[in-house]
Student: 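Dropping the structure in here first, questions after.
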Amino acid sequence: MHVTLPDGKQLDLPDGATGLDAATAIGPRLAMATAAVKVDGTLQDLRLPLPNGARLEIVRVGDAEALPVLRHSTAHVLAEAARHLYPGVKITIGPPIDNGFYYDFLFAEPISEDDLVRLEDEMRRILKTEHAYTRAEVSRDAARERFVAEQEPFKVELIDDLPADEAITFYTQDDFTDLCRGPHLQSTKPIKAFRLTSLAGSYWRGDATRPQLTRVYGTAFWSQAELDEHLHRIEEAKRRDHRRLGPQLGLFQFHDESPGAPFWLPDGLTVWNELYGHWRRENRRRGYREVRTPIMYDASLWKTSGHWDKYRENMYTLQVDDQDYALKPMNCPAHCLIFGSERRSYRDLPLRMNEAGLCHRNEMQGVLHGLMRVRSFTQDDAHLFITPDQILDEVIGVMDFATSLYELFEMEFRLELSTRPPVRVGDDAIWDRAEQALQTALEKRGVPFVVNEGDGAFYGPKIDAHLIDALGRSWQCGTFQLDFNLPERFDLAYTGADDHEHRPVMIHRAMLGSFERFIGILIEHYAGDLPLWLAPTQALVLPIADRHVANAEQAAAALEDAGLRSGVDRRTESIGKKIAEAEARKVPVMLVVGDREAEQGTVSVRRRGRRDLGSQPLAEVVGWMTEEMRAKKVAG
RNA sequence: GCCGGUGUAGCUCAGCUGGAAGAGCGCCCGCCUUGUAAGCGGGGGGUCGCGGGUUCGAGUCCCGCCGCCGGCUCCA
C-alpha cells in the first residue's frame, strides 16, 4: 500500500501500517516527535492502520493542531490522579475543549479549590515517570465486565449506549485505563505545562434530572512559556470585562434590590442613545417603521401566542383585579395584534415593524451575567410580515442589515443555520423553501457558517449570529427566525392579487440581540475605548492653571454648540494629573489650553493613548471631530 | 434552580489559632498655580451582605437567607 505525503511524494508501506509506522519510515526522529496523524485532513490516532492511498500528514509534538491530543491525554492523567487521591470516585468523560480540557467526576465527598492543588501535585508525581499510552480494542462484553468490576456505572452506561457497530477501545497509561476513542500521545513525556484552572458543577449528559457531577477544568500547552502567555491573556482579558469597566467608567450599575436589571447612568445612557439613534435611522432607511408597545398584557394574549403553556416559568406573571397578566418576554404577539388590527393587502407586504422593546424574563439566578444575561432588557426587535414569495429577498435584506452593523464595529461573528426539528408545524413545502432561502442568503454573504440539523424551532428554521466577549465566551446576538406558527395562531391574513385571503409568513429579527448585551460586547471589544461617536465625553478641555479656566470654558461651549459632548476639568491640579485621569476615563480627545494657546487662539490636541499632537485652531478640531463622528470611525 | 467559591470604607484589598477594625487610591480642607499619565500636608468615612446561634467575648466558628464570581442548563 502507499500514502501521499504533503510534499506530493508517495510513501510505500506494508499492508496494515499505522501512522507511527509511516513516521518511522520517514525518519526515527520524526517518529519520536509524532503526536498524531492527519488522514485525508482529519486528525487520527497514530496507532491506527492507514487506508491505502490516503493523504497523510504527520502532526508533531509542538504543533498547534495536536493541542487537543495533548489536552485529552492530560485529562487522562487528571483522572488517574483523582483515582489515586479519592478512592471510590466515579469517572465519566474528559474531552479537550477550546482552550483546554475538563474531566467530570462524581466524588463521594464534595471537593473544593484546595483540592486542585492536590490533584496537580499528584499529576506531577505521576508524570515524573514517563508512561506510554497503549491502545487496545476490546469486545463489548469485556469492556462492560471491566467497568462493572471497577464500579464505574457511567462508563457502563456509555458502553451500553454505543452503537452496536462501533469498535470499543481502551487507552491505558500507568495504572489507569479509560474507555476512550482517542487519539492520544505516544507517552506522557510531552505533558509538562499544564494547570488545573477551576471547578464547576455539571450534569451527567447535560440533564438536570441526572446526578450533578464535579467538573475540573484545566489547560495544557506544549511549553511553559505558552501556558504562561495563556494565563496572562486571561488576566488581561479580565481588565476588559464590562462588569468591571462599566461601573468604573460610570456607564451602568447593578443593585441587589433588582438583580439582573441594569441601572443606566448618564454616561452609559449616552452610549445607549447614540446606538439607538443609529439603529432607528438604519431601520427607517431600510423600510422599517418603528412602533412601541406595552410591557404588560392580559394572559389571554399569551394563551393565543402559546407562551402561557410553553414559556410560563420564564415570565413574570401578576394578578390585577383578579385578572392574570404577564410582562412581555418577547414583542411578537404585540406586533401580531397591530398587524391584525386592519385588513392588509399583498400590496402592503413586506410590512416591516421594528421596536426597541423592553422585555422581562425570569432567568434563573445562576445564569445572570453582567449586561450579557439580564432579566430586564431591550430587544432590538423587528417582525417582517411577508408573502412566501418574499422569503428569500427579505432574509437577504435582514442578513445584509445585521452584518453591516457588525462590520461597522469591526466585530467578528459566527453564523449558525438551524434546520427543521422532527416535531414541527407547517408543511414540508414551505420548510423546503424557507431553509433554502436561509441557506442561499448565507451563501450569498460568502461568510462561513455551520449547520445545526434539526435544531430549528418547531415553528420555523433560523439563523443565529454569535459574537465573542473578552474571555472568548460566545453570546447569541443576532437571530433571524422564520415563523409559520404565530400567523396561524393570531389568524393573520392579507388579501392577495387573486382577491382571496392568504396567511403571511413572519420573520423575527434581532441583530444586536439586546441593547444591553450588545453594549456589554462593545465595551469588551473596545476595552472601554469607545469610538468617538459613542464616547460619553468626546472632548475634555484641560486648563493648565486656574487663570485658563475661562478660556477652556469658551472652548467647551464652542464644542457643545457644534454638537460635540465636551467638558472642562476645572480642578486646581497639575496638567499631568488631569491627563492621567482623562486617559483613565477613556476620553478620546483632550484639549490643553494654557498661556501659549490663549495667545495664539489655539488648543493643544492629545488623543487617547497618544502623545501631544501639537496645537490647532479650535475650528479645525471641530471640523475633524465632526467628520469622524459622522463617519462613525472606529479609531481616530 | 444545581455544584464550588466569595461578600470588610466609594474602589482595590490586608486583618494568623476568636481578644480594642487597617492600608493605598478616591472624597473633603489647606498649601502649591502647575505644559502632556497621578505635587505636598491634614481630615472625614465601616451595623465587617442580612438574620439567627455558640461563646465571658465573633469580621473570624456554626446554621439559614440574599447578592456576586466560575460553570451546568436555558437563552437576546
Side-chain angles (χ1 to χ4, degrees), chain A residues 102 104 106-107 110-116 197-217 238 241 243-244 247-248 253-260 311 313-314 329-331 357 359 361-374 377-381 464-467 471 473 475-479 481 508-518 520-521 542-549 571-584 590-597 604-615:
Chain A
Y102 67 79
D104 282 347
L106 183 63
F107 290 100
I111 68 164
S112 74
E113 276 179 23
D114 298 337
D115 293 274
L116 294 184
T197 49
S198 64
L199 213 54
S202 67
Y203 294 104
W204 172 236
R205 299 189 155 179
D207 183 345
T209 65
R210 307 288 307 262
Q212 175 129 29
L213 309 170
T214 303
R215 176 169 297 181
V216 179
Y217 280 95
K238 284 183 185 161
D241 193 324
R243 291 169 300 180
R244 174 193 293 253
Q248 211 170 65
Q253 55 190 207
F254 286 92
H255 291 274
D256 292 356
E257 288 79 356
S258 188
Y311 203 74
E313 304 100 73
N314 283 297
M330 300 176 190
N331 307 297
C359 296
R361 295 185 191 172
N362 188 6
E363 298 287 355
M364 288 187 291
Q365 193 257 91
V367 306
L368 300 179
H369 185 99
L371 292 178
M372 304 296 200
R373 176 159 292 106
V374 291
F377 59 97
T378 309
Q379 249 183 346
D380 72 310
D381 211 356
D464 291 323
H466 295 255
L467 303 179
L471 277 167
R473 286 176 289 226
W475 298 95
Q476 184 186 312
C477 289
T479 183
Q481 310 189 354
H508 305 256
R509 176 229 73 181
M511 303 177 295
L512 311 177
S514 71
F515 284 86
E516 288 78 4
R517 181 176 287 183
F518 197 76
I521 301 256
L542 309 177
I544 297 273
D546 290 349
R547 64 178 177 280
H548 307 117
V549 167
R571 294 173 308 162
T572 310
E573 289 289 354
S574 70
I575 193 66
K577 179 158 185 162
K578 290 176 185 174
I579 285 169
E581 288 189 9
E583 290 279 355
M590 287 152 268
L591 302 172
V592 176
V593 296
D595 290 335
R596 276 206 304 274
E597 290 76 11
S604 275
V605 180
R606 185 189 164 105
R607 300 258 359 204
R608 176 178 57 206
R610 296 201 230 145
R611 305 240 149 234
D612 187 356
L613 301 175
S615 58

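To find a chain, count down the sequence lines: A is the first, B the second, and so on, and within it residues start at 1. It should be emphasised that the depicted structure is a prediction, and the values quoted were computed from it without experimental measurement.
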Student: Spell out yes or no: do the side chain of Q476(A) and the base of A76(B) have one donor N/O and one acceptor N/O closer than 3.5 Å?
Tutor: no
Student: Using a cut-off of strictly less than 4.0 Å, decide whether R547(A) has a side-chain nitrogen or oxygen near OP1 or OP2 of U34(B).
Tutor: yes
Student: Base, sugar-phosphate or nothing for T378(A)? Non-hydrogen atoms, less than 4.0 Å.
Tutor: nothing
Student: Which of these nucleotides, A76(B), U36(B), C72(B), is closest to any side-chain atom of R215(A)?
Tutor: C72(B)
Student: How long is the line joining CD of E363(A) and C1' of A76(B), in whole Å?
Tutor: 9 Å
Student: Between N362(A) (CG) and A76(B) (C1'), how many Å, whole number?
Tutor: 16 Å
Student: Identify, between G594(A) and L371(A), the residue whose nearest nucleotide on RNA chain B lies closer to the 5' end.
Tutor: G594(A)
Student: Identify whether any heavy atom of E597(A) sits under 4.0 Å from a base atom; if not, whether one sits that close to sugar-phosphate; answer base, sugar-phosphate or nothing.
Tutor: base
Student: Counting only side-chain heavy atoms from C-beta out, which of A76(B), A37(B), G1(B) sits nearest to E583(A)?
Tutor: A37(B)
Student: For every nucleotide of nucleotides 59-70 of chain B, 5' to 3': is a protein heavy atom under 4.0 Å from its base (B), only from its sugar-phosphate (S), or from neither (-)?
Tutor: --------SSSB
Student: Report yes if a side-chain nitrogen or oxygen of R611(A) is closer than 4.0 Å to either non-bridging phosphate oxygen (OP1 or OP2) of A37(B); otherwise report no.
Tutor: yes
Student: Show me, range against range, the stems involving RNA chain B, built from at least 3 consecutive Watson-Crick or G-U pairs below 3.5 Å.
Tutor: B:1-7 with B:66-72, B:10-13 with B:22-25, B:27-31 with B:39-43, B:49-53 with B:61-65
Student: Ignoring backbone atoms, test whether R606(A) places a side-chain nitrogen or oxygen under 4.0 Å from the OP1 or OP2 oxygen of A37(B).
Tutor: yes
Student: Under 4.0 Å, counting only non-hydrogen atoms across every strand here, what does S202(A) touch: a base, just sugar-phosphate, or nothing?
Tutor: sugar-phosphate
Student: Could you check how far CD1 of I544(A) sits from P of U36(B), rounded to whole Å?
Tutor: 8 Å
Student: Would you indicate what D380(A) reaches in the nucleic acid, counting non-hydrogen atoms under 4.0 angstrom: base, sugar-phosphate, or nothing?
Tutor: nothing
Student: Treat primed atoms plus P, OP1 and OP2 as sugar-phosphate and everything else as base, then score nucleotides 38-45 of chain B 5' to 3': B for base contact with protein heavy atoms under 4.0 Å, S for sugar-phosphate contact only, - for none.
Tutor: BB------
Student: With heavy-atom distances below 4.5 Å as the criterion, would you say the side chains of F518(A) and D380(A) are in contact?
Tutor: no
Student: Do W475(A) and the base of A76(B) stack face to face, with centres under 5.5 Å apart and an angle between planes under 30°?
Tutor: no
Student: For RNA chain B, whose closest nucleotide is more 5', that of I575(A) or that of G513(A)?
Tutor: I575(A)
